[in-house]
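Just so it is clear: chains get the letters A, B, ... in the order the sequence lines come, proteins before strands, and each one is counted from 1.
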Amino acid sequence: MKFAEVILPVPIPKSFCYVIPSQLDLEVLVGHRVLVEFGNRKMYTGIVSEIHETEPEKYIPKPILEVLEVEPSVNASQIKLWQWVADYYMCSIGEVLNVALPSGLKLSSQSYIQIHPHFIIEENLEQLSDREFTLMSYLEKEQTIPYTQVGEILEIKSPYKTIKNLIEKEAILLIEKIKERYKPKMEKRIRLSQQYADQPDSLDDLFKLLSKRQKQEDALLKYLSLVPIHEDYLTNFHGVAKREFLHVGRPLSPSSVGTMTKNGIFEEFERQIPRFELSVADKMQPTPVLSPAQKECLQKTIQGLSEKNVCLLHGITGSGKTEIYLQLIKSVIENGEQALFLIPEIALSSQLVKRLKVYFGDVLGIYHSKFSDNERVETWKGVQEGQFQVIVGTRSSLFLPFSDLSLIIVDEEHDSSYKANDPAPRYQGRDLALVLAHMHHAKVVLGSATPSLESFYLAVKNKYAYAGLHERFGDAQLPEIKIIDVKAKRKQKKMKDDFSDDLLHILHQNTEQGYQSILFQNRRGYSPYVTCDVCNWVPTCPSCNVKLTYHIYRNEIRCHYCGHKEHVPHTCVSCGSTEMKTVGLGTQKVEEELKTYLPEVRVGRLDLDTTRRKHSYDQILTDFEQGHIDILVGTQMITKGLDFDNVRVVGIINADTMLYFPDFRAHERAFQMLTQVSGRAGRRGETGTVILQTQQPSETLFAKVARNDYHNFYRKEIKDREQYHYPPFTRLIKLTIRSEKQDLTHDAANYLGRLLVNWLGQKRILGPQEPGINKIRNYYLSEILIKLEREGIDLKKAKGLIQKAIYQQKEEKPFKRVWVSIDVDPQ
DNA sequence: AGCACGCCGACT
DNA sequence: GTCGGCGTGCTC
Ligand SMILES: [Zn+2]
Ligand SMILES: [Zn+2]
């Protein structure tokens, strides 16, 4: 007998053993998607991770029900990668599967109830209680009802007993429905029936036959003009797309074509077509020619990669790193190997995709979270079948089924969207890229104008190769950055709301001269908060310990953590005053103020609120690119994406907000963000200007941004990190303890903290400590930070002890309803 | 994570 | 008594 270890998408840290039934004996392979029953009746797709002959001793394994494919969807190196992620990020391999596999490839069953075929309600009325009768009447109308909806219908919380009773009475049946899986996109096509296609002479007879039927004759003529079967009868085999046949050029009557199909003149058939538009070969262009500086940098990168596995490409904003990536990718394609081009979530605009398509054509695949399930499955299959040699995508493309990967590029490697947050696995895409590359013996290029401290440190330590690109492309110069003292300006009465006279003046002048500007305010919405003018009371969320955020367009206040919303209060809950006002500054208000002070200027806005719909982000970028917008107001979103040649001025409304995050990375992030946003100013031979407004003009970080002085920023920051034992000198693991009672969270966190102190030592444990936001969705939170040395420590053993401590805490009776989540390398 | 099942208190 | 809420433990 043969058995298969199957990975299932559940947060249980092991695989499950199933019997391979004898009739499937030769079919099941490692990496196959298989259908199995799990629990009482629920069905899941799992991935076979191992095939063996060791019979389990303690239980009788269930059989594999179905093998869902001929070629395995997952290859062996992917399973190895999943296991690495599960071990390193301390989660179950099932959770890894859950994010790795596109949902189009994961099917699971849902339970439904339906009326038992032999049961007649009218004849069994006395058997049914009121509630049971309600449910049965519902079933008569609806045929089947999902199990999960029964509770809602009956307005009770646990429908289980009602359902169980009805099953015993043989009134209903439980059935399992499996959700639809991936659907290939099909196209209806039309061709001439075999008999006419094979013998062109018979067409004459056909024309005679149709001579009295004008519309049918038209259709035949149109077909022959689209499909030249008289030149090559084989062309009939592929026929013509029905859509094109009916609607392109002179339209045909669908009903007459239908009649001809019924009469056996035409035949209809279906063909699978790709979801992605194929590019036309003649639109393709060679990759752009490099400047001398870019060439030199490319050489350094190639040289570096011959000595090290990773090269840090440190190129200032506007230096043209992308062109260097293109060259590297090109040579990968020429060698017949695969390349992965990772970019931050938001930077994957359709502009970028179009640009890359022009260079790489149909070997380019795209993988993105805004894609539909079906599109993602198609990219997955394209990589697997070798159609796509280059993938541009966000961090989840690390899980695609590569077989021959030789290069990974991580663009804007410092970007925080490479870190996956809430559902486990909480992986860092940049780090995982290194692991994936290692498995494939591939090389990695980390590119950034403002490298993360971790990466730069490793380059300094000679673990990574380093290639610098310190001049801008073309004749462009770095922008001139002017620091404006907002406090002083206010005293001089030179502020209009949030704009200094200098900023307004330069914006006005720049627009007059036909150039564009960008305004940066790292907060969306109008005025973020509502407050009482008398006592400063601020409405907070009933479920979370956060202030509610004001949204002007609905005149309501909302919680960003749980979605709770309410109307703006007219009176203060604390003192009864009716003097409620809004405070704080969001992009929406910046936009409004701008329109007041510069009424003739066309203003656009780019933030989460204006880009919710699928194509709105691309639309705003296009409008800006084509000059329909003079000034674009935005959040950090505008620091990413495409470069705009016509932007000469960047205004930073309030640079201070970023400095005060209670987080050891606050300065790093502020430096990166300010540098990136400043870098939007001045390309193509013109020197740009940046106006940076602040309350603290003497803050040294701003001076470093102004001088584009990464090295001094790095030296100061790395010293602090070393002194306070933060990465890259230590590894951090953050434990978050959650429960519904504040005391319970507190006690559980203390218990866990004591265990960890005993097992790992006092100096490695920070906390427990309540985070700034100590309640989310009615769960109270506490955090423990574990600091482990980078070297000279058995990391596996330490993680084992942490896991053991969490299990031991969970074993304690009072802590059954306490949850602990683990974040390895938190951001 | 689901889901089954058993115990306990509220309400016929 | 009975029924629904809720806590607990298991899943190959
Ligand atoms: Zn008040
Ligand atoms: Zn909330």
Exercise for the section: Using a 4.0 Å heavy-atom cut-off, write out nucleotides 6-12 of chain C from 5' to 3' as B (base contacted by protein), S (sugar-phosphate only) or - (no contact). Expected result: SSSS-BB
Problem - Residues in ring-ring contact (aromatic ring centres under 6.0 Å, His included) contact with A:H118, at least two apart in sequence or another chain - result: A:H116
Exercise for the section: Look at all strands and tell whether A:F3 reaches a base, only sugar-phosphate, or nothing, counting heavy atoms closer than 4.0 Å. Expected result: nothing
Fill in the blank from the handout: Applied to residues 556-565 of chain A, the salt bridge (charged side-chain N to carboxylate O under 4.0 Å, His left out) test, sequence neighbours excluded, yields A:E556-A:R558
Completion exercise
Contacts satisfying ring pair (Phe, Tyr, Trp, His ring centres under 6.0 Å) that involve residues 130-171 of chain A (not counting sequence neighbours) are none
Fill in the blank from the handout: So the side chain to side chain donor-acceptor pair (under 3.5 Å) pairs with at least one residue in residues 55-65 of chain A (sequence neighbours excluded) are A:E37-A:K62
Fill in the blank from the handout: Contacts of A:H551 meeting ring-ring contact (aromatic ring centres under 6.0 Å, His included) (sequence neighbours excluded), chain-then-number -> A:Y553, A:H560
Completion exercise
The complete set of ring pair (Phe, Tyr, Trp, His ring centres under 6.0 Å) pairs with one or both residues in residues 795-827 of chain A, sequence neighbours excluded, reads A:Y751-A:F815
Problem - A:R41 vs A:W819, nearer the 5' end of DNA chain B by closest nucleotide - result: A:W819
Handout entry: Any pair counted as side chain to side chain donor-acceptor pair (under 3.5 Å), so long as it reaches residues 775-786 of chain A, sequence neighbours left out
Key = none
Problem - Residues touching DNA chain C, which here means a heavy atom under 4.0 Å, drawn from residues 22-30 of chain A - result: none
Problem - Geometric class of the A:F3/A:H52 ring pair [parallel <30°, tilted 30-60°, perpendicular >60°] - result: parallel
Fill in the blank from the handout: With a 4.0 Å cut-off (strictly under) to non-hydrogen atoms of chain A, the first and last hit nts on DNA chain B, 5' to 3', are B:dA1 to B:dC7
Completion exercise
So the ring pair (Phe, Tyr, Trp, His ring centres under 6.0 Å) pairs with at least one residue in residues 90-112 of chain A (sequence neighbours excluded) are none
For residues 38-48 of chain A, tabulate all N or O donor-acceptor pairs below 3.5 Å that involve a side-chain atom, not counting sequence neighbours.
residue: A:R41; atom: NE; partner: A:S111; partner atom: OG; Å: 3.0
residue: A:R41; atom: NE; partner: A:E176; partner atom: OE2; Å: 3.2
residue: A:R41; atom: NH2; partner: A:S111; partner atom: OG; Å: 3.4
residue: A:K42; atom: NZ; partner: A:S109; partner atom: O; Å: 2.8
residue: A:T45; atom: OG1; partner: A:L107; partner atom: N; Å: 2.5
residue: A:T45; atom: OG1; partner: A:L107; partner atom: O; Å: 2.5

